[in-house]
Amino acid sequence: MPYDPARHGPRRIVGPGFHAAVHELVRAVPPGRVATYGDLAAALGNARVARHVGFALAAAPDDGSVPWWRIVAAGGRLARAGTAAAKRQTARLRREGVVVRGDRVADFGGRRWTP
DNA sequence: CGGCTGACGACCT
DNA sequence: GAGGTCGCCAGCC
């Protein structure tokens with residue numbers, strides 16, 4: 001289906017360096033707080049590229065310089081629930097005082113942080 | 001240059 | 001709630 005502004009809304013270009021831009025934003029999330037993929041995508045100018053935020057995190061260095069564990073899916077859900085990555089994320093969040101029940105962040109409304 | 005690969009989100013049945 | 005569709009596009013080969 002071709003792009004149709006009436007159906008799909010205004011097209012916005014994310015542009016090159018997207019991963020780096022995501023990493024920058026993620027570094028700004030304070031400890032004990034969480035942000036969503038969609039929020040970061042919106043902050044980057046295109047709410048539809050939430051997926052790419054995820055891809056950018058997958059490519060992020062896992063050395064602590066990018067706190068990827070503070071990024072959750074819409075509604076406070078953990079992405080990739082049940083995987084080893086999700087377990088690691090849960091452990092790291094709890095270490096910061098974030099309560100996680102099952103695959104969800106408790107009190108998501110109060111924990112949510114947006115750029 | 002073409003094809004493939006994806007940490008999502010909104011919406012539908 | 002559970003499961004499927006589709007839009008979205010940078011980065012890597």
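A note on names: the letters A, B, ... follow the listed sequences, proteins ahead of strands, and every chain is numbered from 1.
- Atom P of nucleotide B:dA7 and atom CZ of A:Arg70 are separated by 22 Å, given to the nearest angstrom.
- Regarding A:His19, its NE2 atom lies at a distance of 14 Å from the P atom of C:dC9, rounded to whole Å.
- Note: A:His23 and A:His19 have tilted aromatic rings, judged against thresholds of 30 and 60 degrees for the angle between ring planes.
- A straight line from CZ of A:Arg80 to C1' of B:dT5 spans 14 Å, rounded to a whole angstrom.
- In terms of position on DNA chain C, the residue among A:Ala50 and A:Ala20 whose nearest nucleotide sits closer to the 5' end is A:Ala50.
- A distance of 12.0 Å separates CD1 in A:Ile71 from CG in A:Leu78, rounded to the nearest 0.5 Å.
- Here B:dG9 is the nucleotide among B:dA7, B:dG9, C:dC8 with the atom lying nearest to any side-chain atom of A:Ala74.
- Judged by atom type and distance alone, A:His52 reaches the base of C:dC9 through a side-chain donor-acceptor pair under 3.5 Å.
- Note on A:Phe55: it does not cluster hydrophobically with A:Leu44, by side-chain heavy-atom contacts below 4.5 Å among ILVMFWY residues.
- If A:Phe55 and A:Ala59 are placed on DNA chain C by their nearest nucleotide, the residue sitting closer to the 5' end is A:Phe55.
- Under 4.0 angstrom from either OP1 or OP2 of C:dC9 there lies at least one side-chain N or O belonging to A:Asn46.
- Between the OH atom of A:Tyr37 and the C1' atom of C:dC9 there is a distance of 17 Å, given to the nearest Å.
- We find that CG of A:Asp39 is positioned 14 Å from C1' of B:dA10, with the value rounded to whole Å.
- A donor N or O paired with an acceptor N or O is not found under 3.5 Å between the base of B:dG9 and the side-chain atoms of A:Arg51.
- For the atom pair CH2 (A:Trp68) and CG (A:Asp62), the distance works out to 6.0 Å, reported to the nearest 0.5 Å.
- The hydrophobic cluster containing A:Trp113 does not contain A:Val99, counting ILVMFWY residues as joined when their side-chain heavy atoms lie under 4.5 angstrom apart, directly or transitively.
- The interatomic distance linking A:His23 (NE2) with C:dA10 (C1') rounds to 11 Å, in whole Å.
- Taking atom CG of A:Leu25 as the reference point, atom P of B:dA7 lies 20 Å away to the nearest angstrom.
- Between A:Phe18 atom CZ and C:dC8 atom P there is a gap of 14 Å when expressed in whole angstrom units.
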